[in-house]
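I have placed the structure first, in the form of structure tokens, so that the comments after it can refer back to it.
Below, all heavy atoms of this structure are taken into account, side chains as well, without hydrogens, waters or symmetry copies. Throughout, protein chains are lettered first and strands after them, A, B, ... in sequence-line order, and every chain is numbered starting at 1.
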Amino acid sequence: MVLTWRDLAIGIALIGLAWWALAAAVSNPAFPGPLPAADALARLLVAGELAAHLAASAWRVLASLAVSLVLAVPLGLVLGRKQAWDRVLAPAVYLLYPVPKIVLLPLIMVLAGIGEVAKITVIFLVIFFQLLVTTRDAARAIPVPTVLSVKSLGAGEGDIYRHVVIPACLPAILTGVRISLGTAISVLFFAETVAGTSGLGYAILDAWHRAAYSQMFAAILAMSLLGLSFYYIIDLLERWWCRWQYL
Amino acid sequence: MIRLKDVYLEYLTAAGPVAAVGRVSLEVAAGERLVFIGPSGCGKTTMIYLMAGLLAPTAGVIELGGRRVAGPDPRLALILQDYGLLPWKTVSQNAALGLAVRRMGRQEQREIVRPLLAELGLAGLEDRYPAQLSGGQRQRVALARALALRPAYLLMDEPLSALDALTREHLQELLLEVWRERQVTVVMVTHSIEEAVYLGRRLVVLSPRPARVQAVVENPGAGSPGYRASAEFHRQCGRLRELLDPGEQRQAAAR
């Protein structure tokens with residue numbers, strides 16, 4: 001389903017109302033209402049400072065998502081199709097999957113420095129497994145007769161991937177991306193607060209240290225906007241690539 | 001001609017090898033229409049997979065027009081029970097799939113598929129997806145996909161079993177028409193006695209697992225106009241019923 005402006009307006013109104021009520025009840029300068037926060041957001045975006053942080057964060061999410069997709073999707077498709085491969089790799093995947101990869105952040109920073117590579121690597125490590133398992137399970141669920149009937153047309157292994165496996169798994173892969181996106185943004189926040197001077201995570205922490213609470217909430221709002229834009233793009237892609245699911 | 005010589009197939013299971021097809025020998029002449037009938041789970045579908053080159057027999061030989069089958073053969077088209085249509089492809093994309101797999105150009109594909117879809121009563125539905133079609137229409141698309149390859153051999157595994165009675169009869173007529181026009185050699189699997197007798201020139205009754213040829217019934221009246229209402233048709237159905245389940249016949253006679 002693609003969000004309409006009306007749905008979006010209703011969602012914003014609901015959250016805004018709850019936020020306003022909560023802020024009024026708490027009545028503490030550390031918790032400004034939605035209006036001062038929105039005002040700060042508009043000012044800081046125009047000033048360019050917050051826009052730069054937003055761009056830095058967006059780039060990190062996008063880059064780690066791209067790397068994860070490029071590695072996890074082909075591997076997941078093959079593991080789903082070739083049980084022998086899966087039997088060898090599944091134990092390793094299941095052993096590594098539950099380990100909170102964020103604990104490796106200090107090590108990664110020692111090895112890769114405190115720059116972009118470390119941040120993208122840690123996000124990649126977290127979401128790679130989510131995408132891998134989602135993709136593999138989708139590929140595994142393809143009915144055998146479907147594959148056989150296409151094989152009987154003379155299809156080789158490449159044709160099977162192109163005409164059957166990839167289109168069959170695409171909806172599940174996009175769902176995997178949606179789930180990973182939330183995870184990626186949380187991990188990103190953590191990575192950006194640990195080191196560096198750019199990104200929304202840094203902006204939130206920086207505003208907090210300066211007790212600039214409206215600015216802090218402006219950066220939180222920017223984070224929400226970042227997620228929203230990504231979800232919107234994924235929905236559009238799904239509408240376009242998986243038209244058969246929306247009849 | 002399709003020739004099966006001492007075809008034997010066993011599966012390896014945790015409990016050891018299990019025979020699925022036991023020493024079947026059979027010849028299907030060019031242009032013939034042969035129907036396999038047997039109890040469910042007897043290995044009818046396995047027989048079709050073997051002939052289509054999707055399974056290799058454990059022992060024995062399968063030949064297609066004098067050549068040994070060692071994999072999917074371009075002279076042969078297969079229609080499976082669940083139609084095998086891809087939900088993410090439109091009617092024309094599905095019908096053209098075999099041609100696309102054979103690296104035919106888009107324009108050429110269209111030139112073959114368009115008239116074929118029209119012939120099968122699917123004109124105007126080219127851009128629909130399978131989910132938007134009725135069961136009968138889906139089956140016509142599966143037929144179009146097979147016929148687009150201009151096969152000499154057509155294998156069908158319970159192609160009409162999911163359809164309601166009336167649609168089923170319409171499609172039986174369509175199949176007869178298509179087979180007659182194209183002089184294709186047909187091997188079809190069904191569990192419906194009436195369908196077998198109406199469509200099959202020769203009826204091969206298979207035994208319960210492992211599949212063996214239990215009886216072969218000649219059925220010269222198959223497909224002739226009005227056959228379904230004739231006394232001969234009902235006699236043949238009765239014969240098949242007895243061959244498939246002799247126990248029940250005896251019980252019925254005793255009652």
Quiz item: Just one of B/Arg182, B/Arg114, B/Arg140 clears the salt bridge (charged side-chain N to carboxylate O under 4.0 Å, His left out) bar with B/Glu119, so which one?
Solution: B/Arg182
Quiz item: Out of B/Leu78, B/Leu99, B/Leu76, B/Leu155, which one racks up the most heavy-atom pairs below 4.5 Å with chain A?
Solution: B/Leu78
Quiz prompt | Shortest non-hydrogen contact between B/Val184 and B/Ala152, atoms and distance | solution = CG2-O, 3.3 Å
Quiz prompt | Engaged part of A/Val147 at the chain B interface, taking heavy atoms whose separation is under 4.5 Å | solution = neither
Self-check item: Closest contact, heavy atoms only, B/Thr190 versus B/Val35
Solution: CG2-CG1, 3.6 Å
Quiz item: Who wins among A/Ala168, A/Gly154, A/Pro143 for the most heavy-atom pairs under 4.5 Å with chain B?
Solution: A/Ala168
Practice problem: State the CZ-CE distance between B/Phe36 and B/Met47, to the nearest 0.5 angstrom. | Solution: 3.5 Å
Quiz item: Which atoms of B/Pro87 come close to chain A, meaning under 4.5 Å heavy atom to heavy atom: side chain ones, backbone ones, both, or neither?
Solution: both
Quiz item: Is there a donor-acceptor pair under 3.5 Å between the side chain of B/Ser25 and the backbone N or O of B/Lys5?
Solution: no
Quiz item: Where is the tightest heavy-atom contact between A/Ala63 and A/Ile120, given as atom of each residue plus distance?
Solution: CB-CD1, 3.7 Å
Quiz item: Where is the tightest heavy-atom contact between B/Pro151 and B/Ala146, given as atom of each residue plus distance?
Solution: CD-O, 3.4 Å
Cross-interface N/O pairs, chain B with chain A, donor-acceptor, under 3.5 angstrom:
| from | atom 1 | to | atom 2 | distance (Å) |
| --- | --- | --- | --- | --- |
| B/Trp88 | NE1 | A/His163 | O | 2.7 |
| B/Lys89 | NZ | A/His163 | ND1 | 3.0 |
| B/Arg103 | NH1 | A/Asp159 | OD1 | 3.0 |
| B/Arg103 | NH2 | A/Asp159 | OD1 | 3.0 |
| B/Arg103 | NH2 | A/Asp159 | OD2 | 3.4 |
| B/Arg145 | NH2 | A/Ser149 | OG | 3.3 |

Self-check item: With sequence neighbours excluded, residues passing ring pair (Phe, Tyr, Trp, His ring centres under 6.0 Å) with A/Phe128
Solution: A/Phe124
